Amino acid sequence: MLSNQLATTSDYALVLALVLDIWEQSVLATHDFLQPEDVTFYKTQIPQFLAQTVLRIWSLDNQPIGFSGTNGQELEMLFLDPHYIGGGYGHQILDWLINNQRINKIDVNEQNQRAKAFYLKHGFTVASRSQRDGFDKPYPILHLTR
């Protein structure tokens, strides 16, 4: 059964290795448009983002399979272990976040077609587009709203 555990700021040191491992595996499986040096760069940024989000660790039968980070009504990050992508868990997590956290905004890499289709299927629409990401790297961002 899918469940989530809220991670408080004091838990971040304990879950950081888990989050970074899931993030890296997920990104390597889904973000083939990133250069290797960019993957390394973004990975160094994750710890500072955790402190700015409500972090939830998502588990299946007590086995962590992913994490999400929200800030207000915005989904800042949602990453699954690639072994669980396509199994309906992302849908369950997003539905839970929409219903319980009132998530209505998300930014997604334009080149990540699978993620874009996933969010559009859940009723999000493209509100605007940025030519470069928040680090001024050449990865266009779609700003989605619901």
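Below, all heavy atoms of this structure are taken into account, side chains as well, without hydrogens, waters or symmetry copies. Here the structure is a predicted model, which means the values were calculated and not measured.
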**Q** Identify the heavy atoms of K105 and F124 that sit nearest to each other, and give their distance.
**A**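 Closest approach of K105 to F124, heavy atoms only: N-CE2, 3.8 Å.
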
**Q** Identify the heavy atoms of I57 and P64 that sit nearest to each other, and give their distance.
**A** CG2-CB, 4.1 Å

**Q** With side chains defined as the heavy atoms from C-beta onward, is the minimum distance between Q101 and W96 less than 4.5 Å?
**A** yes

**Q** Grouping I, L, V, M, F, W and Y whenever their side-chain heavy atoms are under 4.5 Å apart, do M77 and I22 come out in a common cluster?
**A** yes

**Q** How far does CD of E76 sit from CD1 of I103, to the nearest 0.5 angstrom?
**A**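 Taking CD in E76 and CD1 in I103, the distance rounds to 9.0 Å.
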
**Q** Same cluster or not: Y119 versus F33, using hydrophobic residues (I, L, V, M, F, W, Y) connected whenever any side-chain heavy atoms lie under 4.5 Å apart?
**A**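 No; tracing contacts between hydrophobic side chains, which count when under 4.5 Å, never links both residues.
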
**Q** Please determine whether residues L94 and F67 belong to a single hydrophobic cluster, defined as Ile, Leu, Val, Met, Phe, Trp and Tyr linked transitively by side-chain heavy-atom distances below 4.5 Å.
**A**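 Each belongs to a different hydrophobic cluster.
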
**Q** For a quick test of reading the model, state the closest non-hydrogen atom pair linking A115 to V108 and the distance between them.
**A** CB-CG2, 3.6 Å

**Q** I need the full list of side chain to side chain donor-acceptor pair (under 3.5 Å) pairs touching residues 55-65, with sequence neighbours left out, sorted by first then second residue.
**A** N4-R56, W58-S68

**Q** Taking all non-hydrogen atoms of both residues, which atom of R114 and which atom of G86 are closest, and how far apart?
**A** NH2-CA, 3.7 Å

**Q** Salt bridge check, D133 against K137: does any charged N sit closer than 4.0 Å to a carboxylate O?
**A**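 Salt bridge: no.
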
**Q** Any donor-acceptor pair under 3.5 Å linking the side chain of T44 with the backbone of F41?
**A** yes

**Q** Between D21 (side chain) and L18 (backbone), is there a donor-acceptor pair under 3.5 Å?
**A** no

**Q** Do K43 and L20 have side-chain heavy atoms sitting under 4.5 Å apart?
**A** yes

**Q** Within the distance-only criterion (no hydrogens, no angle test), does the side chain of R129 pair as donor or acceptor with the backbone N or O of P140 below 3.5 angstrom?
**A**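 Such a contact is absent between R129 side chain and P140 backbone.
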
**Q** Given 3.5 Å as the limit, does a donor-acceptor pair link the side chain of E37 with the main chain of L34, or not?
**A** no

**Q** Drop me the distance from Q25's CD to H83's NE2, to the nearest 0.5 angstrom.
**A** 6.5 Å

**Q** On a heavy-atom basis, which atom in L2 and which in Y89 lie closest, and how many Å separate them?
**A**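 That would be CD2-O, 4.1 Å.
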
